[in-house]
Amino acid sequence: MSSGAPAANGLPAGTLGATPPSAPAASYGFWTRLRVNSEYVVIPAFALLVAALLFALFLLAIGKSPGDFVDYVWRGGFGTAFSFQNTLQRSSPLILTALAVAIPARIGLIMIGAEGALVLGGFAAAAIAVPMVGVVPPIVTIPVMVAAAVIVGGIWVGIAGYLRYARGVNETISSLLLTYIGIAIMNFFVEGVMRDPTNPNKPSTKPIGEAYMVGNIPGTSVHWGFLVGVLLSIALYILMTRTTFGFAARVTGGNYRAALAQGLPVGRLIVSCAMIAGGCAGLAGYFEVAAIQGRANASLAAGYGFTGILVSFLARHNPVVIVPVAILFGGLVASGGLIQRRMGLPDATVLVLQGLIFIVLLVSETLYGRFAIFRPGVVKDRT
């Protein structure tokens with residue numbers, strides 16, 4: 001269990017995988033800065049390559065062609081305008097749930113509770129919309145749905161942040177446990193008092209109605225959630241890198257003891273980052289209800305929150321880099337059905353690949369700072 005005390009490396013306990021503090025690049029020349037920063041591109045790319053090779057060996061061991069797998073991933077996720085738009089649609093919740101991991105990581109916390117916040121956020125949006133359908137106009141109902149999803153998601157993950165600061169509870173464990181509690185709460189109501197009696201086959205709330213659904217971006221079949229995710233990624237990047245709040249969060253994540261010594265409001269920073277993270281995941285739940293499902297049901301727990309963990313780690317918790325990485329994994333998810341039909345593989349095959357990537361990525365964390373090419377030494381004065 002982690003505690004409020006810093007570890008030997010100056011980081012609070014439980015900060016494995018958080019973005020390491022960068023070198024004083026401002027004092028370096030362009031090429032030196034390029035060498036220093038290229039480490040954060042080369043090592044993840046190498047991890048992806050190793051995971052791909054391991055997955056290729058797995059396919060060969062079960063008598064399948066790695067080449068066919070790559071071909072179907074391309075065709076199912078990127079090869080046509082239809083498949084690429086499907087990929088963008090699948091990447092929308094991945095962007096938002098990855099942000100729910102990346103923002104706490106900037107302050108040194110590893111929170112993996114985005115799945116629970118997504119489920120509860122989507123359920124809150126549907127629950128508050130159902131009694132308003134046909135009574136309150138969409139122009140009022142939709143903002144209320146968004147606010148409910150963001151607030152509920154933010155509070156849910158904020159609980160883990162508060163427990164981390166106030167009681168020293170490991171945020172990784174508490175956020176994971178809160179995920180399962182959140183899913184259970186949603187199932188309790190969906191299968192009980194809020195169940196739609198006209199839908200006996202699959203427990204769900206009543207539909208929110210077509211007028212309250214989110215439409216698509218004009219000229220595409222991609223809902224507005226994707227654009228919201230991109231804009232939110234840019235906004236959070238600016239927040240965490242160009243504001244005093246972001247600077248204080250990075251100081252806290254880099255050295256907990258120094259942040260306390262400087263009088264920074266560490267508790268408020270931790271809870272704020274956790275609530276921002278939960279709000280992002282809750283927003284993903286809103287779009288799943290209002291743009292895809294039209295109601296709250298068990299389909300909300302589709303694993304987007306867990307895949308978002310992998311997306312955030314691969315992007316090094318950089319909000320802007322999260323977008324292309326989420327699109328890559330959105331393509332993998334979108335191509336799963338084609339792979340299943342054409343290659344006779346179960347739909348869990350893509351999950352095997354994701355698991356391999358995550359394991360190799362975690363192992364690759366030990367490689368940072370070990371290669372002299374990425375750590376140019378200081379030129380000594382020979383006079």
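We number each residue from 1, following the sequence as shown.
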Of Val311, Leu310, Leu94, which is the lone residue that meets side-chain contact (heavy atoms from CB on, under 4.5 Å) with Val325?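 Per the side-chain contact (heavy atoms from CB on, under 4.5 Å) rule, the option paired with Val325 is Val311, out of Val311, Leu310, Leu94.
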
Is there a side-chain contact between [X] and [Y], using heavy atoms and a 4.5 Å cut-off?
X	Y	value
Thr349	Gln340	no
Met145	Tyr286	yes
Leu109	Cys273	no
Leu232	Leu96	yes

Is it the case that more than 12 heavy atoms not belonging to [X] sit under 6.0 Å from its [atom1] atom?
X	atom1	result
Ile139	CD1	no
Ile373	CD1	no
Glu191	CD	yes
Tyr162	OH	no

Side chain to side chain contact (heavy atoms under 4.5 Å, CB included) between Val42 and Phe371, intermediate numbers included: CA-CA 11 Å; Val42 173; Phe371 298 97; over 6 Å; no

From Asn199, Thr198, Asn297, residue fulfilling side chain to side chain donor-acceptor pair (under 3.5 Å) relative to Ser204: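 Running side chain to side chain donor-acceptor pair (under 3.5 Å) over Asn199, Thr198, Asn297 with Ser204 returns exactly one hit, Asn199.
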
Rounded at 0.5 Å granularity, tell me how far [atom1] in [X] sits from [atom2] in [Y].
X	Y	atom1	atom2	result
Ser364	Leu361	OG	CG	4.5 Å
Leu54	Ile359	CG	CD1	9.5 Å
Glu171	Ile159	CD	CD1	15.0 Å

One pair to check against side chain to side chain contact (heavy atoms under 4.5 Å, CB included): Phe84 and Ile327. What are the steps and the verdict? CA-CA 9 Å; Phe84 185 63; Ile327 292 173; 4.3 Å; yes

Donor-acceptor under 3.5 Å ([X] side chain, [Y] main chain):
X	Y	value
Ser312	Gly308	no
Thr172	Ile110	yes
Ser175	Ile112	yes
Trp156	Gly278	no
Gln89	His223	yes

Does the plane of the ring in Tyr368 sit parallel, tilted or perpendicular to the ring in Tyr40? Use 30° and 60° as the thresholds. parallel

Step through it carefully: locate the ring centre of Phe287, locate the ring centre of Phe226, and say whether they are under 6.0 Å apart.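 Not under 6.0 Å, so no.
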
